[in-house]
Amino acid sequence: MSIPVAKQYILDFEQLGLGMFVHWGLYSQLGRGEWIFALEKMNMDEYKNLAKTFTAEDFDAEQLALLAKEAGCKYITLTTRHHEGFSLYDTCGLNDFDAPHSPAGRDLIREFVDACNKHGLMPMFYHTTLDWYNKDFEENFDEYLEYLNKSVEVLCKNYGKIGGLWFDGNWSKPDSDWKVDALYATIRKYQPEAMIINNTGMVDPGHFGNIEIDSITFEQGKPTPMNREGMPKYIAAEMCHTLNDHWAYSADDLCYKSPVEIIQSLCDCRRVGANYLLNIGPEAQGRVNDFQKEQMKILGRWMHTFGEAIYNGRPCGAAGIDKNFILKSVDGKSLYLFIYDLAEVGDANVTVGGKYRGAYAFGGVNEEITNIKWMDNGEELSYIQGNGMLAVNLTGHPYGTVYPVRVAKADIK
């Protein structure tokens with residue numbers, strides 16, 4: 001069986017490599033996560049009063065875009081509407097449960113799109129399909145689906161070219177007819193090259209589904225390699241992680257991921273060709289707290305050095321021992337050797353961590369290589385190869401420098 005030819009906009013999405021997910025809405029004012037309404041069985045008549053205190057005074061779309069760019073992200077996926085039913089965009093009369101009708105008095109999605117376009121980022125729209133606010137979701141599902149379709153039409157018509165729609169919630173009614181053909185047709189009418197993604201999350205990770213789907217999703221954990229042989233179309237893959245244990249702001253969630261975990265997770269995703277969508281949760285009125293900013297900035301320092309391998313590297317069948325692996329550049333001229341847990345140079349007993357340095361072998365390398373260099377300092381590495389094997393002398397980190405993953409670039413003859 002053959003692998004289907006990829007559409008260019010899907011290949012372009014794969015090239016982005018790293019995105020920033022942003023969960024922000026009325027729930028952010030409560031500081032206990034985005035599912036607080038459902039999990040605490042709150043009353044919607046009381047909950048919707050949060051719209052009366054939603055000022056968005058600390059939301060700065062340009063600063064958000066600049067943070068994503070500094071982190072090395074190429075796109076941002078923002079919650080235009082989450083399960084609570086409140087929209088950050090002007091719903092154009094569908095209801096008044098939106099940001100323009102709140103004290104914010106602004107179309108926050110317009111600001112977001114303009115900032116992304118200004119700074120060369122692709123704007124992506126998260127949009128719920130599950131709705132706790134709209135009574136038709138439970139009482140008249142067909143009417144609700146009309147409302148959902150019109151909501152998506154607003155997003156597709158009013159903001160210029162967008163990167164795609166990221167849906168979430170069909171898993172809430174697995175036996176219902178969601179009429180996705182009609183929904184996806186609306187998107188294709190106005191945004192023919194928008195990525196269509198419908199989250200299967202932790203319920204059915206990696207599920208393909210409708211022919212219009214352009215990327216499968218994974219949530220938490222690690223993505224699995226894709227086998228596209230015999231598929232009806234070429235699709236991308238994307239893994240979503242959060243900086244701590246909640247998607248939206250949770251004041252008492254202190255379980256933040258380390259830079260090591262974030263960077264290694266990013267590399268794990270690219271090992272199998274998946275994008276990495278890393279989530280932040282702004283506070284009540286849109287401020288990103290300092291710790292999350294610093295997490296993204298540390299990621300950006302690593303990306304500034306090794307980002308080429310993340311954006312341009314693709315799985316090629318070469319393999320190392322344990323976690324180490326090789327990607328091949330899209331132009332076929334280079335290999336990228338991803339090395340985890342590399343020790344420092346020398347034997348000083350004041351250094352900690354790092355498992356090894358020295359000779360290391362990869363298999364499945366059939367390309368003839370002309371040189372190998374560390375991407376961070378340009379140091380040349382000695383190597384021998386033959387019969388599909390590549391043995392490299394991996395010099396350790398210079399004292400004073402340690403990367404969670406260090407990458408060497410090999411030029412192909």
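Heavy-atom basis, side chains included; hydrogens, waters and symmetry copies ignored.
- Counted by atom type alone, Gln285 and Thr55 present one or more donor-acceptor pairs between their side chains at under 3.5 Å.
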How far apart are the C-alpha atoms of Phe338 and Phe306, what are their side-chain angles, what is the distance that settles it, and do they pass the ring-ring contact (aromatic ring centres under 6.0 Å, His included) test? CA-CA 10 Å; Phe338 286 69; Phe306 301 112; 8.4 Å; no

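- Among residue pairs with one or both ends in residues 290-299, those qualifying as side chain to side chain donor-acceptor pair (under 3.5 Å) are Arg287-Asp290; sequence neighbours excluded.
- With sequence neighbours left out, Arg270 forms a salt bridge (charged side-chain N to carboxylate O under 4.0 Å, His left out) with no residue at all.
- Taking the six-membered ring where tryptophan is involved, the planes of Tyr144 and Tyr147 are tilted, since the angle between them lies from 30° to 60°.
- A 4.5 Å side-chain heavy-atom check between Pro315 and Phe325 finds every atom pair outside the cut-off.
- Nearest approach of Gly72 to Tyr311, heavy atoms of both residues: O-OH, 2.6 Å.
- Of the candidates Phe125, Phe167, Tyr27, Tyr27 is the only one forming a ring-ring contact (aromatic ring centres under 6.0 Å, His included) with His82.
- Annotation: ring-ring contact (aromatic ring centres under 6.0 Å, His included) contacts of Phe141 (sequence neighbours excluded): Phe137, Trp178.
- Ring geometry for Tyr126 versus Trp166: interplanar angle under 30°, hence parallel rather than tilted (30 to 60°).
- The ring-ring contact (aromatic ring centres under 6.0 Å, His included) test applied to Phe86 returns Phe54, Phe97, not counting sequence neighbours.
- For the residue pair Asp98/Thr91, the side-chain donor-acceptor check at 3.5 Å is satisfied.
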Do Glu46 and Lys41 pass the salt bridge (charged side-chain N to carboxylate O under 4.0 Å, His left out) test, and can you show the C-alpha distance, the side-chain angles, and the key distance before you say yes or no? CA-CA 11 Å; Glu46 296 176 2; Lys41 297 181 172 56; over 6 Å; no

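- To the nearest 0.5 Å, the span separating CG on Asn279 from CG on Asn244 amounts to 8.5 Å.
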* Taking it one step at a time, do Trp35 and Trp132 satisfy ring-ring contact (aromatic ring centres under 6.0 Å, His included)? -> CA-CA 11 Å; Trp35 269 77; Trp132 298 323; 5.1 Å; yes

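- In this structure, the side chain of His246 does not engage the main chain of Glu34 through any donor-acceptor pair within 3.5 Å.
- For the 3.5 Å distance criterion, the side chains of Thr129 and Asn170 qualify, holding a donor opposite an acceptor.
- Ring-plane geometry between Tyr75 and Phe13 is classed as tilted, the angle between the planes lying from 30 to 60 degrees on a 0 to 90 degree scale.
- Tyr383 meets the ring-ring contact (aromatic ring centres under 6.0 Å, His included) test with no other residue; sequence neighbours excluded.
- The ring-ring contact (aromatic ring centres under 6.0 Å, His included) search around Phe112 returns none, not counting sequence neighbours.
- Remark: the Asn149 side chain and the Thr186 side chain contain an N/O donor-acceptor pair separated by less than 3.5 Å.
- Side chain to side chain, Asn199 and Thr217 meet the donor-acceptor criterion of an N or O pair below 3.5 Å.
- Each of Lys413, Lys328, Lys333 was compared with Glu367 under the salt bridge (charged side-chain N to carboxylate O under 4.0 Å, His left out) criterion, and only Lys328 meets it.
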